[in-house]
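A quick write-up on the structure given underneath.
Per chain, numbering begins at 1; letters A, B, ... match sequence-line order.
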Amino acid sequence: MQIKETYKKLLDHFGFQKWWPVHTGTDRFLEVSIGAILTQNTNWKNVEKAIENLIKDDVLSWDKLESIDLEKLKELIKPAGFYNQKAVYIKNFVKAVKGLPKERITRDLLLSIKGIGEETADSILLYGLDRPYFVVDAYTKRIFYRLGITKTENISYKKLQKIIQQNIPKDINIYKEFHALLVELGKNYCRKRPLCIKCPLNNSCKKNLK
DNA sequence: AGCCAGGCCAAGC
DNA sequence: GCTTGGCATGGC
């Protein structure tokens with residue numbers, strides 16, 4: 001099955017996901033970035049709790065995050081797990097990016113920040129800054145492998161990103177939507193222990209376990 | 001009651 | 001370059 005067809009099927013089945021979810025009244029770029037850091041290897045439900053804590057304490061702003069005590073920040077984001085390192089990552093990010101004009105914020109700059117890897121950087125760029133970088137995650141690798149599009153689930157980030165970007169239009173709205181749809185499929189059907197019987201890609205998947 | 005989640009870093013080969 | 005271990009909470 002071709003990549004573009006996969007996108008169409010998922011969109012047809014799930015409908016528009018309208019990612020990235022952010023609260024009204026906060027800086028979108030900031031909230032996406034903090035969410036992207038907090039969701040590293042973590043359930044989004046837990047991230048929501050952490051973000052609610054930040055909003056409740058009125059610290060989801062560049063100035064407040066820069067000045068907040070590190071230990072206090074750890075407490076607030078605790079529900080998201082790995083809170084010791086994520087608090088430092090957030091501090092690193094804010095220090096490196098605060099006050100910069102957006103055109104100065106490049107992928108290389110983000111990757112130079114300790115705690116920002118490829119997926120986090122691309123999530124920030126795509127959903128926070130509307131730049132055309134396709135976000136690859138564990139679901140993406142798993143789904144494409146099971147579909148038979150890639151030969152291994154351990155394909156490198158760069159390789160899979162390149163394959164996908166070469167096979168869909170360079171359109172940030174498609175990039176945003178496709179990744180969100182892959183997450184939806186990965187969460188609900190193409191899980192580690194998959195639910196192939198009800199999967200919307202069931203009849204065109206090589207790894208179909210029925 | 002385990003298993004798992006929208007990764008990243010450091011260390012070792 | 002690729003692999004491994006550590007990091008932590010809460011939902012199911």
For this session: Would you please confirm or rule out a distance under 4.0 Å between OP1 or OP2 of B/dA5 and any side-chain N or O of A/R142?
Result: yes
For residues 96-112 of chain A, run the donor-acceptor check on the side chains, cut-off 3.5 Å, and write out each pair with its distance to 0.1 Å, sequence neighbours left out.
residue	atom	partner	partner atom	Å
A/K98	NZ	A/D63	OD1	2.9
A/K98	NZ	A/E66	OE1	2.7
A/T106	OG1	A/L109	N	3.1
A/R107	NE	A/D122	OD1	2.8
A/R107	NH2	A/E118	OE2	3.3
A/R107	NH2	A/D122	OD2	3.0
A/S112	OG	A/L109	O	2.6

Problem set entry | Of all pairs that satisfy side-chain hydrogen bond (donor to acceptor under 3.5 Å, both in side chains), the ones with a partner from residues 29-41 of chain A, not counting sequence neighbours |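 As it turns out, the side-chain hydrogen bond (donor to acceptor under 3.5 Å, both in side chains) pairs with a partner in residues 29-41 of chain A, which skip direct neighbours, are A/H23-A/E31, A/T26-A/E31, A/Q40-A/T120.
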Exercise. Pairs in or reaching into residues 164-177 of chain A: which pass side-chain hydrogen bond (donor to acceptor under 3.5 Å, both in side chains), with residues at least two apart or in two chains?
Worked result: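 Sorted result for residues 164-177 of chain A: A/D130-A/K176.
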Could you state the atom-to-atom distance from [atom1] of [X] to [atom2] of [N] in whole Å?
X	N	atom1	atom2	result
A/L110	B/dG7	CG	P	17 Å
A/K192	B/dG2	NZ	P	18 Å
A/N41	C/dT9	CG	C1'	11 Å
A/E75	C/dT9	CD	P	10 Å
A/I37	C/dC7	CD1	C1'	16 Å
A/W44	C/dT9	CH2	C1'	15 Å
A/D122	B/dG7	CG	C1'	13 Å
A/I90	B/dG7	CD1	P	16 Å

Give me each pair satisfying ring-ring contact (aromatic ring centres under 6.0 Å, His included) with a member in [range], each pair once, sequence neighbours excluded.
range	answer
residues 59-79 of chain A	A/F29-A/W62, A/W62-A/F93
residues 187-207 of chain A	none
residues 35-58 of chain A	A/W20-A/W44

Exercise. Under a 4.5 Å side-chain heavy-atom rule over Ile, Leu, Val, Met, Phe, Trp and Tyr, are A/I90 and A/V32 clustered together?
Worked result: yes
For this session: Flag yes if A/L201 and A/V183 sit in one hydrophobic cluster, no otherwise; membership is Ile, Leu, Val, Met, Phe, Trp, Tyr, and two members link when side-chain heavy atoms are under 4.5 Å apart.
Result: yes
Within the sub-3.5 Å range, which N or O atoms of nucleotides 10-12 of chain C have a protein N or O partner, and how far apart are they?
residue	atom	partner	partner atom	Å
C/dG10	O4'	A/N46	OD1	3.4
C/dG10	O4'	A/N46	ND2	3.0
C/dG11	OP1	A/K49	NZ	3.1

Exercise. Taking only Watson-Crick and G-U wobble pairs with both distances under 3.5 Å, what dot-bracket line describes DNA chain C, where [ ] shows pairs that cross earlier ones and | shows pairs with another strand?
Worked result: |||||||.||||
Exercise. Hey, does A/N84 reach any base, or is it just sugar-phosphate, or nothing, if we go heavy atoms under 4.0 Å?
Worked result: sugar-phosphate
For this session: Remember a base hit wins even if backbone is also touched, and classify A/F82 as base, sugar-phosphate or nothing at under 4.0 Å, heavy atoms.
Result: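 Base, at least one base atom sits under 4.0 Å.
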Seminar exercise, completed: B/S/- along nucleotides 8-13 of chain B (protein heavy atoms under 4.0 Å) is SSS---
Problem set entry | All ring pair (Phe, Tyr, Trp, His ring centres under 6.0 Å) counterparts of A/Y145, not counting sequence neighbours |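 Counting only residues at least two positions away or on another chain, A/Y145 forms no ring pair (Phe, Tyr, Trp, His ring centres under 6.0 Å).
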Exercise. Can a salt bridge be assigned to the pair A/E71 and A/K74 using a cut-off of 4.0 Å between side-chain N and carboxylate O?
Worked result: yes
Problem set entry | Residues from residues 159-190 of chain A lying under 4.0 Å of DNA chain B - heavy atoms |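 Within residues 159-190 of chain A, the residues near DNA chain B are A/V183, A/K187.
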Problem set entry | Sole candidate of A/I163, A/I149, A/I155, A/T152 that passes side-chain contact (heavy atoms from CB on, under 4.5 Å) when paired with A/F144 |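 Answer to the side-chain contact (heavy atoms from CB on, under 4.5 Å) test with A/F144 among A/I163, A/I149, A/I155, A/T152: A/I149.
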Problem set entry | Heavy-atom closest pair, residues A/I77 and A/A87 |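 Closest pair (atom of A/I77, atom of A/A87, distance): CD1-N, 3.5 Å.
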Exercise. Using the P atom in both, what is the distance from B/dA10 to C/dA8, to the nearest Å?
Worked result: 15 Å
For this session: Would you check if A/T150 and A/K141 make a side-chain contact, meaning some heavy-atom pair closer than 4.5 Å?
Result: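 Of all side-chain heavy-atom pairs linking A/K141 with A/T150, none is under 4.5 Å.
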Exercise. Other than A/L70, which residues form its hydrophobic cluster under the rule that side-chain heavy atoms must be closer than 4.5 Å?
Worked result: A/V88
